[in-house]
Amino acid sequence: MNKMRALIQDELRLRAGGPSPYVAFGFFVLAGVLAPFSLGPDPELLARIAPGYVWLIAAISVLVGLEGLFQEDIASGRMAVLRLSGLPSWAIALSTMSVYWLVVCLPVVIASLPVSYLLSGTGDAALAIAVSLLIGTPALAMLGATLAAIAGVVKRGTGLVIFLALPFFAPALIFGTRLAGAAEDALSAGLFLAAFSLQAVALCPLLAGLAIRQNME
Amino acid sequence: MSLNHTVTLSLDNVSVARGGMDVVAGVSVGLEPGDALMLTGPNGSGKTSLLRAIAGFARFSGTIAFGDGAGPRDRQDAIAAHIHYLGHETGLNRRADGLTSLFFWRDLLNPGESDAGLTPDTALQAVGLLNGPVWKMSAGQQQRLAIARLLVAPRAIWLLDEPVTALDAAGRDMLVGLCVNHRAGGGMIISSSHGLFPIENVIALSLQQADAA
């Protein structure tokens with residue numbers, strides 16, 4: 001556990017100082033604040049589309065920071081040092097992905113409160129959106145990072161990640177939007193979303209760890 | 001102060017393939033505590049590939065066995081217990097500073113709770129560095145910091161890939177001194193170099209381009 005704690009501290013130093021959190025956060029806030037300008041100032045329209053729109057820009061903002069997530073560590077030799085720690089590669093992947101969620105997704109979840117309030121006009125709606133993002137973004141971060149690890153095998157694979165992410169992100173978007181919009185089936189949608197996140201947290205580190213090992217050979 | 005390492009290493013008919021071709025073919029060598037193996041050969045002769053295979057990063061055929069009296073166990077566990085790898089890439093976190101890097105490596109690479117290695121402050125002094133942000137360091141200073149990694153977590157086998165390339169003359173002497181100490185304590189060195197790394201009593205292993213024929 002000592003090793004894991006040291007690794008997570010170093011990950012935090014590395015990722016929080018990097019550009020990804022700011023790019024994701026900036027993109028999310030900008031896209032949210034600009035919506036009334038491009039879609040028109042009709043409050044009813046904005047309130048109706050708020051859950052879907054906020055989920056969409058949140059999902060895209062998760063993707064923008066993925067460039068070279070594992071690839072840079074491999075190229076800099078950092079991954080070689082981490083692997084000599086004796087930690088299994090899935091644990092290394094898990095720490096990278098968790099920290100990615102913490103520094104990239106969590107700020108977006110928090111920013112979704114004012115952004116959603118701006119669009120929907122009610123605190124309840126904004127809270128529902130933020131809660132749904134809190135439940136759903138772990139799946140987005142885990143899936144996106146796993147695809148980044150796999151695409152790392154291909155040179156300049158980042159463009160690939162965005163296309164590959166599409167089908168994997170779809171379930172989270174469908175259930176997340178239903179939960180956020182407080183539809184009649186919000187409860188079951190929320191449970192599906194939670195289950196989707198949990199299985200991503202359980203499976204993705206294994207796949208990403210495998211991809212990292214392949215990548216270094 | 002010398003730690004007594006007693007690990008032996010034997011390579012038996014080791015071949016490493018890269019891109020579908022053997023870059024290292026049929027290497028066999030046995031190493032005892034205190035030995036130093038110097039890999040020589042032209043560019044592309046597989047020096048790095050062989051080092052990476054020993055460190056467990058590259059696939060190989062043949063046998064690489066650690067003799068540590070621990071009985072049969074997973075090779076990855078033996079690697080994590082005995083191997084330091086210092087490659088062309090230093091593995092530094094650009095957003096850390098020298099001392100926090102060393103604290104991180106000590107916690108990450110030490111087995112269990114043992115504090116057998118040098119303290120991060122002492123290790124930093126031993127490689128002749130002052131603490132500062134990694135991104136402000138020159139290539140040579142970054143290499144020195146990476147060398148300090150070998151000191152904060154004691155491990156028997158040092159794999160050094162062209163370790164003196166970025167170093168000045170004083171840095172080279174410093175590394176040679178560290179290697180002499182390491183061997184005196186039973187440690188083992190496996191290094192690749194183009195003849196610029198003057199350590200004595202080495203076992204030389206000349207690698208040839210395997211695809212020459």
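Letters A, B, ... are given to chains in the order of the sequence lines, protein chains preceding strands, and every chain is numbered from 1.
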Hey, are the side chains of [X] and [Y] touching, using non-hydrogen atoms and a 4.5 Å cut-off?
{"X": "A:L14", "Y": "B:R94", "result": "no"}
{"X": "A:L84", "Y": "B:L108", "result": "no"}
{"X": "A:K3", "Y": "B:D107", "result": "no"}
{"X": "A:L7", "Y": "B:F104", "result": "yes"}

For [X], is the [atom1] atom crowded, meaning more than 12 foreign heavy atoms sit under 6.0 Å from it?
{"X": "B:R144", "atom1": "CZ", "value": "yes"}
{"X": "A:F168", "atom1": "CZ", "value": "no"}
{"X": "A:F192", "atom1": "CZ", "value": "no"}

**Request:** Taking all non-hydrogen atoms of both residues into account, name the closest pair between A:G86 and B:A80 and its distance.
**Result:** CA-CB, 3.4 Å

**Asked** What is the minimum heavy-atom distance between B:E89 and A:A75, and which atoms define it?
**Response** CG-O, 3.1 Å

Tell me which donor-acceptor pairs under 3.5 Å the side chains of residues 121-132 of chain B have, and how far apart each pair is, sequence neighbours excluded?
from   : atom 1 : to     : atom 2 : distance (Å)
B:T122 : OG1    : B:T119 : OG1    : 2.4
B:N131 : OD1    : B:G98  : N      : 3.2
B:N131 : OD1    : B:L99  : N      : 2.8

**Request:** Check each atom of A:L87 against the heavy atoms of chain B and say whether the ones under 4.5 Å are side chain, backbone, both or neither.
**Result:**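 Only the side chain of A:L87 comes within 4.5 Å of chain B.
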
**Asked** Which bit of A:Q214 comes within less than 4.5 Å of chain B, counting heavy atoms only: side chain, backbone, both or neither?
**Response**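 When you check distances to chain B, only side chain atoms of A:Q214 fall under 4.5 Å.
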
**Request:** With sequence neighbours left out, write down each residue that passes side chain to side chain contact (heavy atoms under 4.5 Å, CB included) with B:V134, or none if nothing qualifies.
**Result:** B:L92, B:S101, B:Q142, B:L145

**side chain to side chain contact (heavy atoms under 4.5 Å, CB included) involving A:S89 - partner list, sequence neighbours excluded** =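 A:S89 satisfies side chain to side chain contact (heavy atoms under 4.5 Å, CB included) with A:R213 once adjacent residues are dropped.
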
**Request:** Taking B:R95 for its side chain and A:G17 for its backbone only, find out whether a donor-acceptor pair lies under 3.5 Å.
**Result:** yes

**Request:** Taking heavy atoms only and a threshold strictly under 4.5 Å, list by residue number the residues of residues 48-63 of chain B that touch chain A; give 'none' if the list is empty.
**Result:**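 Within residues 48-63 of chain B, the residues under 4.5 Å from chain A are B:R52, B:A55, B:G56, B:F57, B:A58, B:R59.
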
**Prompt:** Using a distance-only test with no angle check, is there a side-chain donor-acceptor pair under 3.5 angstrom linking B:N93 and A:D10?
**Reply:**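 Judged by distance alone, the side chains do pair up.
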
**Prompt:** Heavy-atom distance under 4.5 Å to chain A: side chain of B:H88, backbone, both or neither?
**Reply:** neither

